[in-house]
Asks: 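Attaching a single structure in structure tokens format; questions to follow.
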Amino acid sequence: MSEIPKAYEPQAVEDKWYQYWLDHKCFTANPRSPKPAWSIVIPPPNVTGVLTLGHVLNNTIQDILARHARMNGHEVLWLPGTDHAGIATQSVVEKDLRKQGAMKHREDLGREKFLEKVWDWKEKHGGIIIQQLKKLGASCDWTRERFTMDPEYSRCVQQAFVDLYNKGLIYRGKRMVNWDPAAQTALSDEEVDMIEEQGHLWHFKYPLLGGEAFLVVATTRPETMLGDEAVAVHPDDPRYQSLHGKQVLLPLRDKPIPIIADPLVDPKFATGCVKVTPAHDPADYEMALRHHLPLTVVIALDGTMTEAAGMDFAGLDRLEARKAVVARMESLGLLLKVENYLHRVGYSQRSNVPIEPYLSEQWFLRYPAVAQSTQAVETGQIKFHPERWSKTYLHWMVNIKDWCISRQLWWGHRVPVWRRDAETRCQVDSPGQGWTQDSDVLDTWFSSWLWPFATMGWPEKTDTLQKFYPTTDLVTGPDIIFFWVARMIMAGFEFTGQPPFRNVYFTGLIRDKQGRKMSKSLGNSPDPLELIAKYGADALRFGVMRSAPLGQDILYDEQQVELGRNFCNKLWNACRFRQMHPGPVQGEIDPGLLSNDDKWILLRLDSAIAEMDAAFAHYKFSEAAATLYRFFWSEYCDWYVEASKAPLQGGDSAHKANTLAVIDFVLSHTLRLFHPFLPFITEELWHDMAYSQDMPPDQGGRTILFAPWPKPLGEDFKLHYGLSDDVLRDMAARQELVIEIRNVRAQFRIPANKKLNLVFHSDFDLPSDEKAVIQILVGADSIKHRSEYQPPKGEPVVYPGPGGKLFIPIAGLFDADAEKARLAKELLKIEAEIEKAQTKLANPDFARKVPPQVLLEHQQRLADWQSKRAQLQDALDALNS
RNA sequence: GGGCGAUUAGCGCAGCGGUAGCGCAGCAGCUUUACACGCUGUUGGUCGGGGGUUCGAAUCCCUCAUCGCCCACCA
């Protein structure tokens, strides 16, 4: 039993317990359980993804919530799964196949063959992240693992499409969309990042038709001029009024194009003349519609120039074409000037190339249940944590625009629309022979937005759905508030009539020590699995949680994980300390035998429990972690364990047993408080310490997972065990005394191994158990009581309370001057405090306006400082006399 | 251009109306029989600047500055 290793070795423990939990089906949710339900769905990671620190943060929080709920007597469902991640996965596989030489373009393989390859790839590389989540300790119900391309899930997606189509919310339209020339698909607005970059503003001369004069237009994209169909000016711009309806000759194309007047033009920008390229700019497209201009497509889907751009440019990449156009214009003397110009360019989030506005036919969704979804967050039916994200959400909801849901990809859910000749049908299954299906697939998010209920068997009214939907919480990053959170809310209301979740916890972003985003290209993203191997999963969890305050980004530092490991080790050794003392486990606590130290630690435990509950209520996990750290390390280990050595080493057997009972009481509560954060080590110790033995099998007997979450001790308990605030006050005074003596030790360089023999000068003696504790805490062999004592001049003295002096005889080791200096320095500090307190109290308004409680506090504080000053002055006087 | 956040000890952060705190680092000492992944003591701060409200402000209000995110069709 006492054979526990000196340092905690997580590797030996973690896999064992995870397997144990799985074997005993601890994470499997029972929809027929009488317990109240608590549920959460995992934000499905990409099937092909690997675990990042972001996942660690996100999933640790979910696990903490789930484990906390379990201990609180809930039937918990944490539903895991993965996302097919359309573009991301398809491009990874394409790259892989090209590298192998299996194809140049996916067309070489054809749709069916290519999809086979993707599935192969998914079988081979998919699900790594699931294994990694298990290493982290995630208590997911793996029997319910889902994938967004599971056959049942796919049916849900298509069913949802058909439903919205039939309601008239999904339509096909020809629009300017964001085109990704690398992935060669349309994207939604949300998939485009506006990146600020240093570009140029080229000023070109367009000659007026039939004259020497010319107009100057400014552009950031010279290559598009090949498709210009007009030059626009503001209708009221006095400079150009006479030119309305005239024409310019488009250089390089030698094509006359009209000068149009349109209010969209800002006369104050550049020359007030804008070249209009209807096919390649959304604003220009709008103007073209108003002025019935033709659309000349000069950039093809793959980003190269078309024949319509002219034979000199056709086939060039758009960026090469830009250079070529500028060079040609310059050689023609039509380049007036080039300015540096800071502007924002839309980039595809996926391919990281500039997107091309492109007119094409796509499927669009007019969002359902918008009003209801907006209201749900406004009224608090769905709560955001931190609350401020609701503002971002509401702003987007108010300005919501139709969603382009079709993608020109192969990996994804096929649009359930069928055509035969001129006929079109929207339904899940093929209408029969001769019908061909729409070739587009749906945006990945069009499947993820159904995640909370599609994973539970919707549209069937399954047991799981009825018990666990709506879910309780959602934990995700604010970067997908539009992509996912908002859309899930709308889907929830539209398809189930209920909000998909009650609370949304938004995590921060994980950054490196320099505040940079974690990214593969920067190489600043550590591998969580390596960290787990090095420090243990619990250490990683604790380190990350300690530094992850609600709503703030997290600066990751490996030191935090190290700290987590050290903390686990501390916990380990504190339990080892208990193990080294033989005695019955969890004995009765006898109120009559409790020392002040015992009472104090019970009160501190009580506070810690209350603080944990408050932290959980507000989703403040870093505060919970800080509470655990402070309580266990600074209070239990630093003070209580040290003090307990007095009765354990020198007390009678009754006191010894009682002390062990208190230790067991505190530790058995502490392990439970720790469990959501440190699942593995707490389970190991729960069994090692045999705290499981007295519990019913399904409430902590078999595993700490179901041990009841500690409740505040309560008034009855405090009364019965004599836990009062006096104890806190007395203990604070004693701790101060101990620190003072240790301070003297340090001041005079008395090594810790040199035992002191203290002299208590007073007309009464201290209780012997109190003396024993003080001796242990300061490293003294004895405290002798003397009613008469003549100390050598300058012998250090401290004051253990009214009417007594505690001398620290260290003959030959101290000198009076040093002691004088020490006291003088101390006195200075106290004088400053007294000064502060007196100024405050001297203010006539203070006494008049302040609450009586606060007034009393200040007066008491002043009195304390003053008596301390008297003591110090006394000691100084003795030195000087 | 709009919105949101941050600014507290060398570094990373808590505190959000009543004595400025934690961790790391620093300094000094310690193989004290749970733990050197440890113990003890200790040095660092007019809480970004300026105004205001208040008996009292790191904490509430205004303003400025710096940094960072998000949203927005000025080419």
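Below, all heavy atoms of this structure are taken into account, side chains as well, without hydrogens, waters or symmetry copies. Residue numbers start from 1 in every chain, and the chains themselves are labelled A, B, ... in the order their sequence lines are given, proteins ahead of strands.
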Asks: B:rC70 C1' sits how many Å from A:E190 CD, rounded?
Replies: 13 Å

Asks: According to the Watson-Crick and G-U wobble definitions, with both distances under 3.5 Å, which nucleotide is paired to B:rG21?
Replies: B:rC13

Asks: Counting any heavy atom closer than 4.0 Å, what does A:A746 reach on the DNA or RNA strands: base, sugar-phosphate only, or nothing?
Replies: sugar-phosphate

Asks: With a 6.0 Å cut-off on the ring centroids, do A:Y358 and A:H280 count as close?
Replies: no

Asks: Under 6.0 Å between ring centres, would you say that holds for A:F674 and A:F567?
Replies: yes

Asks: Closest approach of A:E14 and A:D538, non-hydrogen atoms and distance?
Replies: OE2-N, 3.7 Å

Asks: From the set B:rC73, B:rG15, B:rG18, return the single nucleotide nearest to any side-chain atom of A:K620.
Replies: B:rG15

Asks: Among the nucleotides B:rA72, B:rA75, B:rC71, which one has an atom lying closest to any side-chain atom of A:R344?
Replies: B:rA72

Asks: For B:rU42 and B:rC22, measure between their P atoms and round to the nearest Å.
Replies: 11 Å

Asks: Can you tell me the pairing partner of B:rU59 across any strand shown, Watson-Crick or G-U wobble, with both distances under 3.5 angstrom?
Replies: none

Asks: Using a cut-off of 4.0 Å on non-hydrogen atoms, how would the nucleic acid contact of A:V276 be classed: base, sugar-phosphate, or nothing?
Replies: nothing

Asks: Does NZ or CZ of A:R546 come closer than 6.0 Å to the centre of the six-membered ring of A:Y629, within 45° of the ring's axis?
Replies: yes

Asks: Is A:Y341 touching bases, backbone alone, or none of the nucleic acid, heavy atoms closer than 4.0 Å?
Replies: sugar-phosphate

Asks: Nearest-Å distance, NE2 (A:H234) to C1' (B:rA75)?
Replies: 15 Å

Asks: Look at the side-chain N and O atoms of A:K6 and state whether any lies under 4.0 Å from the OP1 or OP2 oxygen of B:rG38.
Replies: no

Asks: Verify the contact: side-chain N or O of A:K391 to OP1 or OP2 of B:rG3, cut-off strictly under 4.0 Å; return yes or no.
Replies: no

Asks: Could you work out the separation of B:rA6 and B:rC62 based on their P atoms and round it to a whole Å?
Replies: 15 Å

Asks: Just to be sure I understand the rule, does A:V265 reach a base, reach only the sugar-phosphate, or reach nothing, if contact means heavy atoms closer than 4.0 Å?
Replies: base

Asks: Mind checking A:N743 for me? I need base, sugar-phosphate or nothing, with any heavy atom below 4.0 Å counting as a touch.
Replies: sugar-phosphate

Asks: What contact category does A:Q747 fall into here, base, sugar-phosphate, or nothing, at under 4.0 angstrom with non-hydrogen atoms?
Replies: nothing

Asks: Out of curiosity, A:E339 CD to A:K337 NZ, how far, rounded to the nearest 0.5 Å?
Replies: 4.0 Å

Asks: Heavy atoms from C-beta onward define the side chain here; which of B:rA34, B:rG38, B:rC55 lies closest to that of A:N843?
Replies: B:rC55

Asks: Rounded to whole angstroms, how far apart are CZ on A:F269 and P on B:rC73?
Replies: 16 Å

Asks: Need one value for A:W865: base, sugar-phosphate or nothing, where a base atom within 4.0 Å counts as base even if backbone is also close, heavy atoms only.
Replies: base

Asks: Quantified in whole Å, what is the C1' atom distance between nucleotide B:rG44 and nucleotide B:rG50?
Replies: 27 Å

Asks: Using Watson-Crick or G-U wobble geometry with both distances below 3.5 Å, tell me the partner of B:rG1, or none.
Replies: B:rC71

Asks: What's the base orientation of B:rG5: syn (chi within 90° of 0) or anti?
Replies: anti

Asks: May I ask you to say what A:D638 touches in the nucleic acid, namely base, sugar-phosphate or nothing, with a heavy-atom cut-off under 4.0 Å?
Replies: sugar-phosphate

Asks: Counting only Watson-Crick or G-U wobble pairs whose two distances fall under 3.5 Å, which nucleotide matches B:rU66?
Replies: B:rA6

Asks: Using a heavy-atom cut-off of under 4.0 Å over every strand shown, decide if A:A574 touches base, sugar-phosphate, or nothing.
Replies: base

Asks: OP1, OP2 of B:rC37 versus side-chain N and O of A:R565: anything below 4.0 Å?
Replies: no

Asks: Is there a donor on the side chain of A:K570 or the base of B:rC35 sitting less than 3.5 Å from an acceptor on the other?
Replies: yes

Asks: Walk me through it: do A:M287 and A:L293 pass the test side chain to side chain contact (heavy atoms under 4.5 Å, CB included)?
Replies: CA-CA 8 Å; A:M287 287 197 270; A:L293 301 173; 5.6 Å; no

Asks: If the cut-off is 4.0 Å, is A:R576 near the phosphate of B:rC35, judged by side-chain N/O to OP1 or OP2?
Replies: yes

Asks: Closer to the 5' end of RNA chain B via nearest nucleotide, is it A:E642 or A:Q560?
Replies: A:Q560

Asks: Examine B:rC71: is either OP1 or OP2 under 4.0 Å from a nitrogen or oxygen in the side chain of A:N399? Give yes or no.
Replies: no

Asks: Would you classify A:K836 as touching base, sugar-phosphate or nothing, given that sugar-phosphate means primed atoms plus P, OP1 and OP2, and contacts are heavy atoms under 4.0 Å?
Replies: sugar-phosphate

Asks: What is the distance, to the nearest angstrom, from the NE2 atom on A:H343 to the C1' atom on B:rC73?
Replies: 13 Å

Asks: Among the candidates B:rA28, B:rG41, B:rA75, find the nucleotide nearest to the side-chain atoms of A:T220.
Replies: B:rA75

Asks: By nearest atom, which of the nucleotides B:rA34, B:rC55, B:rC73 is closest to the A:V850 side chain?
Replies: B:rC55

Asks: Which nucleotide, in any strand shown, forms a Watson-Crick or G-U wobble pair with B:rA28, with both distances under 3.5 Å?
Replies: B:rU40

Asks: At 4.0 Å (heavy atoms only), tell me whether A:C568 reaches a base, stays on the sugar-phosphate, or touches nothing.
Replies: nothing

Asks: What's the closest nucleotide to the side chain of A:K401 if the choices are B:rU33, B:rC55, B:rC73?
Replies: B:rC73

Asks: Nearest to the side chain of A:L563 - B:rG23, B:rC55, B:rU19?
Replies: B:rG23

Asks: Can you tell me which nucleotide in B:rA28, B:rG56, B:rC37 comes closest to the side chain of A:K840?
Replies: B:rG56

Asks: Nearest whole Å is fine: how far is B:rC37 P from A:F577 CZ?
Replies: 21 Å

Asks: Distance between the C1' atoms of B:rG48 and B:rU66, in whole angstroms?
Replies: 8 Å

Asks: Would you indicate what A:P851 reaches in the nucleic acid, counting non-hydrogen atoms under 4.0 angstrom: base, sugar-phosphate, or nothing?
Replies: base

Asks: Only one of A:Y393, A:Y619, A:W389 forms a ring-ring contact (aromatic ring centres under 6.0 Å, His included) with A:F384, so which one is it?
Replies: A:Y393

Asks: Can you tell me which residue among A:I259, A:V233, A:V231, A:V265 is in a side chain to side chain contact (heavy atoms under 4.5 Å, CB included) with A:Y240?
Replies: A:V233

Asks: Could you tell me how far apart A:E387 (CD) and B:rC16 (C1') are, to the nearest whole angstrom?
Replies: 17 Å

Asks: Does A:R604 qualify as a cation-pi partner of A:W633, given the criterion of NZ or CZ under 6.0 Å from the six-membered ring centre and within 45 degrees of its axis?
Replies: no

Asks: Under 4.0 Å, counting only non-hydrogen atoms across every strand here, what does A:R742 touch: a base, just sugar-phosphate, or nothing?
Replies: sugar-phosphate

Asks: Nearest to the side chain of A:V641 - B:rA34, B:rG38, B:rG15?
Replies: B:rA34

Asks: In whole angstrom, give me the gap between the C1' atoms of B:rU53 and B:rC60.
Replies: 8 Å

Asks: Between C1' on B:rC70 and CH2 on A:W389, what's the gap in Å once rounded to a whole number?
Replies: 7 Å

Asks: Select base, sugar-phosphate, or nothing to describe what A:I739 touches, counting heavy atoms under 4.0 Å on all strands.
Replies: sugar-phosphate

Asks: Which whole-number value in Å describes the distance from A:Q853 CD to B:rG17 P?
Replies: 17 Å

Asks: Kindly compute the distance separating CG (A:L571) from CZ (A:F542), expressed to the nearest 0.5 Å.
Replies: 9.5 Å

Asks: Quick check for you: among B:rC35, B:rG18, B:rC73, whose closest atom lies nearest to any side-chain atom of A:N569?
Replies: B:rC35

